[in-house]
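The sequence lines fix the lettering, A, B, ..., with proteins before strands; numbering per chain opens at 1. For clarity, every value in this text was computed on a predicted model and none was experimentally measured.
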Amino acid sequence: MAENNIPKVYDPKLFEKKWYQYWEENNYFHAEVDKDKQPFSIVIPPPNVTGQLHMGHALDNTLQDILIRFRRMQGYNTLWMPGCDHAGIATQAKVEAALKEEGTGRYELGREKFLERVWEWKEKYGNRITSQLRSLGSSCDWARERFTMDEGCSRAVREVFASLYEQGLIYQGTRITNWCPECNTAISDIEVEHETEKGQLWHLRYQVEGSDEYVEIATTRPETMFGDTGVAVHPDDERYKHLVGKTLILPLVNRPIPLFADEYVDPSFGTGAVKVTPAHDPNDFEMGQRHNLEQVKVIENDGTMGEGAGKYAGLDRYECRKKLVAELKEQGILVSVEEHEHAVGHCSRCHTTIEPLVSKQWFVKMDSLAKPAIEAVKSGRIKFVPERFAKIYINWLENIRDWCISRQLWWGHRIPAWYCDNCGQVTVARDDITHCSHCGSENIRQDEDVLDTWFSSGLWPFETMGWPEETAELKHFYPTSVLVTGYDIIFFWVARMVMMGLAFGGDVPFRQVFIHGLVRDSEGRKMSKSLGNGIDPVEVVDKYGADTLRFMLITGNTPGNDMRFYWERVESARNFANKIWNASRYMLMNLEGSDRQFVPTATDFTLADKWILSRYARTVQEVTANLEKYELGEAARAIYEFIWSEFCDWYIELTKARLYDKDNERPKQTALYVLGYVLEHTLRLLHPFMPFITEEIWQKLPHEGDSIMIAPWPTLEENLLHDEAEAAMAAIMDTVKTVRNLRSEVGAAPGKKSEVLIHLLDEDLRRVFAENRDYIATLATAEPVTLMPTDAPKPENSLTGVVKGAEIYLPLKSLIDVDKEKSRLAKEGEKIAAEIDRLTKKLQNESFTAKAPPQVVEAERHKLQTAQEKQKTLAERLAYLAKL
RNA sequence: GGGGUUAUAGCUCAGUUGGUUAGAGUGUCUCGUUGACAUCGAGGAGGUCACAGGUUCGAAUCCCGUUAACCCCACCA
């Protein structure tokens, strides 16, 4: 038999790879510009080219794939642009680590050889992440795959750099920058992570020249004292007024330094006197500028002490601190030590403590770029989902400082600036040059540094579309429709793209920004390598399949909020897949040998058919509306509930009688038709969420077309909406639940059928029940089911249940436990009394009846009526039982 | 120092413009193996929606305050 071909248990291994290959081979992911269709485009947040997929990627790409597949099915001209980022520091660090293993390093190799090694590394590991994205089901247009260091992107980078330079928005400057001694490069402000640390505040005394007087200063970094070129106090500080203008002697070094007044100093902190080290502190740097102080560099780029530190030269800065403090103590210069909490900057990549150092770097002036970027969000040209992130974005841009874009690395876009050793001219050019633009000398050399990785990723939405060429893609797909990313990257990437997009792309880079949260571990901690608490998405795909992982990531996910990873939730998602699998299996088994051309007429449809079709139509509405609002979790929940709680739990059960009845072909065919219709369409709704299982089943079902992924998205079919059928089914379902409930409460024997008497209060409902008596019999293990005439006496010695419009009796003869039943009824009576009380008060409230909308008041009246009927019945039953 | 988020069942979380008897998953308890599925079915227990005010006919939902946890930003040595 054919059904033997369908495994009893859902096993994604059997088909996920196959279908991905099928989709890719048939070019379904590929988008050509089609001006007749509305575009829908997304650029992928480019993962690090040699990186590995983590849960963050899995979530991010699942969200994007859902949106893309949804819009593709809706008929948009859909482009999902994929690609990778060269990830300057990260990639270089990996290759350097590998070289270290071999006992060599990048300086030994030299720039050219080193870069060859990095490209080799990129070739070796560059496919890993994209193949992992494929295993997730991501329907990227791989034919268009880009890399931030490919020719086109490199050209875009040089164009933007040169253009900004010409506009005076890129400049070179010597100033304090954040220096990472480990990565050996300058980094930008946002690459510094501030953490509060317990440290000490050392109080030192500096002697006033030609006097016995001392000035006590407080510092957190005593080793920088060798670079002190002054001491500052507040101008209004009475303690020091008489000393302003005097000279102090820098201890150990015995260098004279001035004591001056500056508004910056906070008299209430420490001693009110600050040692000033312009070469190693940003504030001191600025004070130094104001007071013309010398910059004495005493910490080298590698974090060791320089020559200025005298005998400490060559020592690591912390080693120096230890020894220096001992010496200061011995010499009586150290007055006291205070425990002190303060924020210390760390490199976001290697977590080394940042040393502020003076160096020559390239900067981007931000003010004029930031302004339009702020405006674009304020005016609503770009919308954040959820909205609160707009505030964070605006606040950051309003307080932005210039961006240090040069990095002392080799892997990246080399800065297109050349220095002439003959005349000193700096030339910035779009293409490599061979001689100086000023004097024509060939004695020129290119700047050694490369650009911050985020400089090129900032151009991503338009450089991938072919910019600076005016390509058809650029015209059609730019601005992109939506950017999907985590909140942790708003400053690094989102803001930069908006600024660059507006400055060079000619428009905002995207219309919407859909922000998601982080995937944390089960204890709410961030997944990290150092904690070892990361869950590998590839492992989850291997064990449970991509559909399961995707559905797990999407359930309960709310825009912008973090979520936790639980294996239990993975299993729950897998169970859902299995449920769909088996519901389909049920249908397919029964489809064998049936007439696939059969189309029922209106009179063939049963109540259950009309009901499920109506429920299906509402599900279409709900899922579509939620997807359009980026409420993907809600959309998924709606499908889940429809499939499990309505289609499987009720509808399938109600088709069994027809399907197993060999003698009546037409009802069976009708049931199969409806099953097929609802299942096939529901699979389409589910496809963006679970692409593989939906394709696998869809291909087995009667269908039109070559793939579910290009099947049209279901639209609302108003003719399927059927309020009466829904109401009637609701009444029947309530009745079934009540009977099951009663049976369970008295411990009725599971297989043994109960006699059920139903007293209907309404003639219409009575007809519905009469026509569908079988539903109750089958689903509630009831027989016989008797519908009592309205004027019939209430049966005695029965369990009683009340639903809207009907009273239900289960005569239990001698089986009844009177006390138990009494207390059950009493309990229910309390509930209903409270409800009546609440409703009565509400309705007696004249302002409610006057001000609330009439349909709301009516609904409340109706509720009260129902409740009162129920109470009456309960009271009767209770009275009866009391007599026993 | 500034800003933000969260607080709902034992646990993890939904609840989108104020009108539900406040839901789901998971856990827990009782019962259930004949043809979709034990990765299942039926039923039960479990919540003063953090606390205190306010707006409103009506608040888990809107406003104010308090408390707690978390996060981001920030050049007090």
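Heavy atoms of A:Phe389 sit nowhere under 4.0 angstrom from any nucleic acid atom. Among the heavy atoms of the strands lying under 4.0 Å from A:Arg401 is at least one base atom, whether or not backbone atoms are also near. No contact: A:Val276 has no heavy atom under 4.0 Å from any strand. At the heavy-atom level, A:Glu634 lies under 4.0 Å from base atoms of the strands shown. Using a 4.0 Å heavy-atom cutoff across all strands shown, A:Tyr640 reaches sugar-phosphate atoms only and no base atom. Using a 4.0 Å heavy-atom distance criterion, A:Thr558 is classed as a sugar-phosphate-only contact. Nucleic acid contact class of A:Gly199 (heavy atoms, under 4.0 Å, all strands): none. Contact annotation for A:Pro356: no contact, since no heavy-atom pair falls under 4.0 Å across all strands. Heavy atoms of A:Glu387 sit nowhere under 4.0 angstrom from any nucleic acid atom.
Separating the CG atom of A:Leu588 from the C1' atom of B:G35 is a distance of 15 Å, rounded to the nearest angstrom. Atom-to-atom, CD1 of A:Ile489 to P of B:C73 comes out at 13 Å; the value is rounded to the nearest Å. When rounded to the nearest whole Å, the span between NZ of A:Lys752 and P of B:G32 equals 15 Å. Atoms CG (A:Leu397) and P (B:C73) sit 14 Å apart, rounded to a whole Å. Here the C1' atom of nucleotide B:C31 and the CG atom of A:Leu742 are 16 Å apart, to the nearest Å. Rounded to an integer number of Å, the gap from A:Asp189 CG to B:C72 P is 17 Å. Remark: P of B:G1 and CG of A:Asn399 are 18 Å apart, rounded to the nearest angstrom.
A residue-by-residue look at A:Val192 and A:Thr219 shows that A:Val192 has its nearest nucleotide of RNA chain B further toward the 5' end.
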Extract all donor-acceptor atom pairs below 3.5 Å that involve side chains of residues 215-223 of chain A and protein atoms in other chains or at least two apart in sequence.
from, atom 1, to, atom 2, distance (Å)
A:Glu216, OE2, A:His203, ND1, 2.9
A:Thr219, OG1, A:Arg221, N, 3.0
A:Arg221, NH1, A:Glu355, OE1, 3.3
A:Arg221, NH2, A:His280, O, 2.5
A:Glu223, OE1, A:Arg321, NE, 2.8
A:Glu223, OE2, A:Arg321, NH2, 2.9

Identify each donor-acceptor pair in which a side-chain atom of residues 626-633 of chain A lies under 3.5 Å from a protein atom, sequence neighbours left out, and give them as a table.
from, atom 1, to, atom 2, distance (Å)
A:Asn626, ND2, A:Glu622, O, 3.0
A:Tyr630, OH, A:Gln512, OE1, 2.8

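The strand RNA chain B forms stems, runs of 3 or more Watson-Crick or G-U wobble pairs with distances below 3.5 Å, at B:1-7 with B:67-73, B:10-13 with B:23-26, B:28-32 with B:40-44.
A:Thr220 has no side-chain polar atom (N or O) that falls below the 4.0 Å cut-off from OP1 or OP2 of B:A77. Side-chain N/O atoms of A:Asn845 include none lying less than 4.0 angstrom from OP1 or OP2 on B:G58. Between A:Lys8 and B:C37, a side-chain N or O to OP1/OP2 separation shorter than 4.0 Å is present.
The heavy-atom pair separating A:Gly517 from A:Asp562 by the smallest distance is CA-OD1, 3.4 Å.
Closest contact between the side chain of A:Phe269 and the listed nucleotides B:U26, B:C37, B:A77 involves B:A77. For A:Asp266, counting side-chain heavy atoms from C-beta on, the closest listed nucleotide (B:G19, B:A77, B:U39) is B:A77. Of the listed nucleotides (B:A14, B:U16, B:G19), B:G19 has the atom at the smallest distance from the side chain of A:Phe848. With distances taken from any side-chain atom of A:Asn626 to the nucleotides B:U39, B:U16, B:A74, the minimum falls on B:U16. When distances are taken from the side chain of A:Lys851 to each of B:C57, B:G15, B:U39, the shortest belongs to B:C57. Which of B:U26, B:U16, B:G19 sits closest to the side chain of A:Ser572 comes down to B:U26. With distances taken from any side-chain atom of A:Lys842 to the nucleotides B:A77, B:G25, B:G19, the minimum falls on B:G19.
A:Phe689 places none of its side-chain heavy atoms less than 4.5 Å from the side chain of A:Thr555.
The gap from the P atom of B:A14 to that of B:A50 amounts to 14 Å, rounded to the nearest Å. Across the C1' atoms, B:U55 and B:C73 are found 34 Å apart, a figure rounded to whole Å. Across B:G15 and B:U8, the matching C1' atoms stand 9 Å from one another, rounded to whole Å. B:G65 and B:G3 have their P atoms separated by 12 Å, given to the nearest Å. Nucleotides B:G47 and B:U16 place their P atoms 23 Å apart, quoted to the nearest Å.
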> Once each nucleotide of nucleotides 2-11 of chain B is scored for protein heavy atoms under 4.0 Å, what B/S/- sequence comes out, 5' to 3'?
Replying inline: --SS------
> Can you give one letter per nucleotide of nucleotides 41-46 of chain B, going 5' to 3': B for a protein heavy atom under 4.0 Å from the base, S for sugar-phosphate only, - for none?
Replying inline: SSSSS-
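Checked by atom type, the side-chain pair A:Lys543/A:Thr548 shows no donor-acceptor distance below 3.5 Å.
For residues 334-343 of chain A, proximity to RNA chain B is found at A:His340, A:His342, defined as any non-hydrogen atom under 4.0 angstrom from a strand atom.
Taking the ring centre of A:Phe363 as origin, the terminal cationic atom of A:Arg175 falls inside the region bounded by 6.0 Å and 45° from the ring axis.
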